[in-house]
Amino acid sequence: MTDETPVPTGPEPEPPVPGWPKESGERFDKAKALAALGHAVYPTRFTRSHGLAAIIKDWGELTTEELAAKAIDVSIAGRVLTLRSHGKTGFATLTDGDANLQVYVRKDGVGDPAFAVWNLVDMADFIGVSGRLMRTKSGELTVQATSLAFLSKALLPLPEKWHGLTDVETRYRQRYVDMVANPEVRKTFVARSKMVAAIRRFMDERGYIEVETPMMHPIAGGALARPFVTHHNALGVDLYLRIAPELYLKRLGVGGLERVYEINRNFRNEGLSAHHNPEFTMLEFYTAYFDCRDVMAITEELIENAAIVATGGTDITWGDTVLSFKTPFARIRMSEAIANALSKELPQPVTVAEVEDTAKLKAIVTTEAFVAACRRKGVPAAEYRKLSHGKTIESLFGDFAEEGLIQPTYVVDYPVEISPLAKRRADNPEFADRFELFMSGMEIANGFSELNDPLEQRARFLDQIESRAGGDDEAHSMDEDYVRALGHGLPPTGGCGLGIDRLAMLLTNSRSIRDVILFPQMRPEGGRRAE
RNA sequence: GUGCCUGUAGCUCAAUGGUAGAGCAGCGGCCUUUUAAGCCGUUGGUUGUGGGUUCGAGCCCCACCGGGCGCACCA
């Protein structure tokens, strides 16, 4: 400070909540001034005549003269996005989420008491305006206010209007701010909702009934994944958040529900990435008397339909490329996808027969050329020496083939070893009658002819338990009740699980799963709790 | 869990190891058709946290707390 006389100022406004920015103090003072004028700062209701989108749709094309002649009176409400004050007049742009509309307030139009309220309005506040539709000199459709209602105070300021909110951490943690500051975020979640609604409609129309099965499981089954553990006090037992609803949905098949689906959350205790959130939404559906191929047919039809509803077509923009969701999707055997991918990496072409032969495949993964290929990919080649044939195929597919499946592609014929709940192929018992659907290198769906032989299922569980004993903590546990259910007879059934979040990513051109989950998992603010 | 990057005003961003700044927002003033309103004036900082090096740290070093991307695990 210099030794000049300081400008006298009033008492500094105090933020109403410790830690809030100084501006919240200014806004709180205005709220108090509003109350002093006899207005509720948080009134209960306001009657709108129209939504903003409806006004623009019905009258947005009318000329200045037509609007004047028709004398259309409306009552609108919304959040103040921008504010331009001119002394005895002012303009504000309101938004109601669907659309924006300008309002024009004149002191001689609303009267002195209402204009005093106007002078206490900040950006981000909610107001209601009644008045007549007009067009300004510059041609913008505007409501010229005859009355003004204060509807809700925003004590905190929104991000500035030019750059909006870009800090990704704040965007995910404070999604409410993100959605106001970045309108396209709202569009993404509206599109996701349309997609899910389209899927429900699709299933309902085909005679499927929607069911809800337990989220807390005594045994975490139906997928190969690590679960979250929780505890029930009264029962005195640990429970697992479900990793998949599969085994419960198939119990319903035993009970006589021939077509069921569930759209709900699964929880897997694994790392986070652009493609993984610990809780994620899956569609699972089961159809009596369907096999794997029937399930593939209905799955691609469902996805094509969802794309049309959510985006208007089957050509989906995905970054620099266009994905075609037009059915039928490409199909490739898993061994063939591996043979193709390996042939590009190795000096000698690899055949499907070689991939499917235990000894020959083992020989390939121990060659110098293969080790070199692994090094190029950053994959530990030594791991391959320890793997069984089925696990080798699984790893080769993941390491070499998967990333190349950009257009929607069904991969079929999975090793039985990695498919403990799927039926064997009748013509080749080494392989399960199973498919997975890949798009843009991501797994989107997984389905198969359900294993319904209780004794083979029990044997498969026992194999899994052996793997678990061998250190595979994602292997399946024994579920005796599920075996008992199968013991009562499950009709031939085809099932499918489809990742809703990932499909939403593709249909909204979102690079990260966090952009299609409203509140993605983050570390708690303030850091990890002390142990 | 690991490698690289990153954290500065409410928001978006500057600042060779040498006085922490700008735009918007805010506050005061003028303004009855503006629209990134304008013009004049002006407040605002524990530079994520804690240590260290240095005459001097937003900048260099260490640890920690968050976040992003890649890898691992997985869908």
Side-chain angles (χ1 to χ4, degrees), chain A residues 6-10 12-13 15 19-27 29-30 64 81-93 100 102-110 115 122-124 134-142 144 154-173 177 181 223-226 243-244 266-282 377-380 383 394 398 402 436-438 442-446 473-474 497-503 505 511-514 522-529:
Chain A
V7 180
T9 53
E12 277 283 293
W20 281 13
K22 290 205 176 75
E23 189 181 339
S24 65
E26 315 276 5
R27 286 168 173 257
D29 280 358
K30 289 183 192 173
T64 304
L81 267 190
T82 61
L83 203 52
R84 297 173 290 283
S85 249
H86 294 253
K88 296 189 186 64
T89 69
F91 292 88
T93 305
N100 300 343
Q102 179 170 266
V103 299
Y104 176 42
V105 178
R106 296 168 60 108
K107 192 173 189 182
D108 60 11
V110 297
F115 202 74
D122 283 312
M123 281 197 286
M134 47 115 32
R135 205 171 275 287
T136 61
K137 268 188 206 161
S138 51
E140 180 154 345
L141 186 67
T142 300
Q144 181 163 350
L155 290 173
L156 291 164
L158 283 172
E160 58 128 316
K161 57 204 167 204
W162 297 3
H163 306 90
L165 179 67
T166 61
D167 181 77
V168 283
E169 180 175 356
T170 310
R171 286 192 48 220
Y172 296 144
R173 285 194 195 280
V177 175
L224 308 178
R226 279 192 292 265
I243 56 174
N266 291 341
F267 307 85
R268 297 190 186 173
N269 205 342
E270 280 141 11
L272 292 75
S273 81
H275 300 158
H276 302 265
N277 196 63
E279 54 179 305
F280 63 103
T281 303
M282 282 255 284
K377 290 265 178 199
V379 173
E383 294 293 316
E394 180 184 30
E402 190 174 303
E436 286 190 349
L437 175 61
F438 289 84
M442 281 192 294
E443 186 191 332
I444 297 294
N446 173 24
D473 55 2
E474 284 166 11
L498 190 153
I500 294 291
D501 312 278
R502 289 182 176 180
L503 187 59
M505 284 172 68
R511 311 307 293 184
S512 170
I513 200 167
R514 294 182 197 96
M522 306 278 279
R523 277 217 167 81
E525 265 180 292
R528 280 175 280 206
R529 245 186 4 206

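Here the structure is a predicted model, which means the values were calculated and not measured. Proteins get letters first, then strands, A, B, ... in listed order; numbering begins at 1 in each.
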> Can you tell me if A/Asn446 uses its side chain to pair, donor with acceptor, with the backbone of A/Gly497 under 3.5 Å?
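Looks like no, no N/O pair under 3.5 Å.
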> Whole Å only: how far is the CD atom of A/Glu169 from the P atom of B/rG48?
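To the nearest whole Å, that distance equals 13 Å.
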> Atom CZ of A/Phe91 and atom P of B/rA36: how far apart are they, to the nearest Å?
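Interatomic distance, CZ of A/Phe91 to P of B/rA36: 13 Å.
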> Can you tell me, in whole Å, how much space there is between the P of B/rU54 and that of B/rA14?
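So the two P atoms sit 31 Å from each other.
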> If you go through the side-chain atoms of A/Glu140, does one of them form a donor-acceptor pair with the base of B/rU34 closer than 3.5 Å?
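Such a pair does not exist between side chain and base.
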> Partner lookup for B/rA75, please. Criteria are Watson-Crick or G-U wobble with both distances under 3.5 angstrom; report none if nothing qualifies.
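The base-pairing partner of B/rA75, which may sit in any strand shown, does not exist here.
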> Contact between A/Trp20 and A/Leu155 at the side-chain level, heavy atoms closer than 4.5 Å - yes or no?
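Answer yes - side chains close enough.
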> Rounded to whole Å, how long is the line connecting atom NZ of A/Lys22 with atom C1' of B/rG26?
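In whole Å, B/rG26 C1' lies 11 Å from A/Lys22 NZ.
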> A/Glu270 has an atom CD; how far is it from atom P of B/rA75, in whole Å?
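Rounded to whole Å, this separation is 7 Å.
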> Between B/rG58 and B/rU47, how far is it from one P atom to the other, in whole Å?
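Rounded to whole Å, the distance is 7 Å.
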> B/rG21 pairs with which nucleotide, Watson-Crick or G-U wobble, both distances below 3.5 Å?
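Looking at the geometry, B/rG21 pairs with B/rC13.
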> Scan A/Lys88 against the nucleic acid and name what it touches under 4.0 Å (heavy atoms): base, sugar-phosphate only, or nothing.
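Answer is base: heavy atoms of A/Lys88 come under 4.0 Å of a base.
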> Can you tell me the pairing partner of B/rG66 across any strand shown, Watson-Crick or G-U wobble, with both distances under 3.5 angstrom?
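In the structure as shown, B/rG66 has B/rU6 as its Watson-Crick or wobble partner.
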> Give A/Arg27 one of three labels, base, sugar-phosphate or nothing, depending on what nucleic acid heavy atoms sit under 4.0 Å from its own.
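No contact.
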> Could you report the tightest heavy-atom contact between A/Arg268 and A/Ala225, atom names first, then the distance?
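The answer is CD-CB, 3.5 Å.
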> Is there side-chain contact between A/Met505 and A/His275, with at least one heavy-atom pair below 4.5 Å?
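Counting from C-beta outward, A/Met505 and A/His275 do come under 4.5 Å.
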> Could you tell me how far apart A/Gln102 (CD) and B/rA36 (C1') are, to the nearest whole angstrom?
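Checked: the CD to C1' distance equals 13 Å.
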> Distances under 3.5 Å only, N/O to N/O: pair up the protein atoms with those of nucleotides 69-72 of chain B.
from   : atom 1 : to       : atom 2 : distance (Å)
B/rC69 : OP2    : A/Arg514 : NH1    : 3.2

> Determine the interatomic distance between P on B/rG41 and the same-named atom on B/rU33; round to the nearest Å.
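Pairwise P distance, B/rG41 against B/rU33, rounds to 25 Å.
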> Give a yes/no verdict on base stacking between B/rA75 and A/Phe280: centres under 5.5 Å, planes within less than 30° of parallel.
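By the stated criterion, A/Phe280 and B/rA75 stack.
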> When you compare B/rC59 with B/rU6, how far apart are their P atoms, in angstrom units rounded to a whole number?
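So the two P atoms sit 13 Å from each other.
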> If we take the C1' atom in both B/rA63 and B/rU53, what is their distance in whole Å?
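My reading of the C1' atoms in B/rA63 and B/rU53 gives 15 Å.
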> So does A/Arg84 get a side-chain nitrogen or oxygen closer than 4.0 Å to the phosphate oxygens (OP1/OP2) of B/rU34?
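Answer is no, no contact under 4.0 Å.
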> Between atom CD in A/Glu23 and atom P in B/rU42, what is the gap in whole Å?
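It is 20 Å, rounded to the nearest whole Å.
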> Have a look at A/Met442 and say if it touches a base, only the backbone sugar-phosphate, or nothing, with a 4.0 Å heavy-atom cut-off.
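Nothing, no nucleic acid heavy atom in range.
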> Could you measure between the two C1' atoms, the one in B/rA20 and the one in B/rC13, and give it in whole Å?
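Approximately 14 Å lies between the C1' atom of B/rA20 and that of B/rC13.
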> Quantified in whole Å, what is the C1' atom distance between nucleotide B/rC65 and nucleotide B/rG48?
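Pairwise C1' distance, B/rC65 against B/rG48, rounds to 7 Å.
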> Please name the nucleotide paired to B/rC27 by Watson-Crick or G-U wobble geometry with both distances under 3.5 Å, or report none.
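B/rG41 is the nucleotide pairing with B/rC27.
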> Is the backbone of A/Pro13 close enough, under 3.5 Å, to the side chain of A/Glu26 for a donor and an acceptor to pair up by distance?
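No; judged by distance alone, with no hydrogens or angles, the pair does not exist.
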> Considering every strand and a 4.0 Å limit on heavy-atom distances, what is the contact class for A/Asn100: base, sugar-phosphate, or nothing?
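Nothing: the residue A/Asn100, judged by heavy atoms under 4.0 Å, touches no strand.
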> Taking the six-membered ring for Trp, does A/His86 stack with B/rA37 (centroid gap under 5.5 Å, planes within less than 30°)?
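A stacking contact exists, since A/His86 sits close and nearly parallel to the base ring of B/rA37.
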> Side-chain donor or acceptor of A/Thr136 under 3.5 Å from a matching atom on the base of B/rU34?
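Yes, a donor-acceptor pair under 3.5 Å.
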> Expressed in angstrom and rounded to an integer, what is the separation of A/Lys161 atom NZ from B/rG23 atom P?
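It is 15 Å, rounded to the nearest whole Å.
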> Verify the contact: side-chain N or O of A/Arg523 to OP1 or OP2 of B/rC65, cut-off strictly under 4.0 Å; return yes or no.
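Result: no.
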> Taking atom C1' in both B/rG38 and B/rG56, compute the distance separating them and give it to the nearest angstrom.
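Rounded to whole Å, the distance is 44 Å.
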> Take the protein atom CG of A/Asp122 and the nucleotide atom P of B/rC24, then report the distance between them rounded to whole Å.
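About 18 Å, once rounded to whole Å.
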> What contact category does A/Thr82 fall into here, base, sugar-phosphate, or nothing, at under 4.0 angstrom with non-hydrogen atoms?
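A/Thr82: no heavy atom of the nucleic acid under 4.0 Å.
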> If you compare all heavy atoms of A/Leu83 against all heavy atoms of A/Ala92, which two are closest, and at what distance to 0.1 Å?
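So the two residues come closest at CD1-CB, 3.9 Å.
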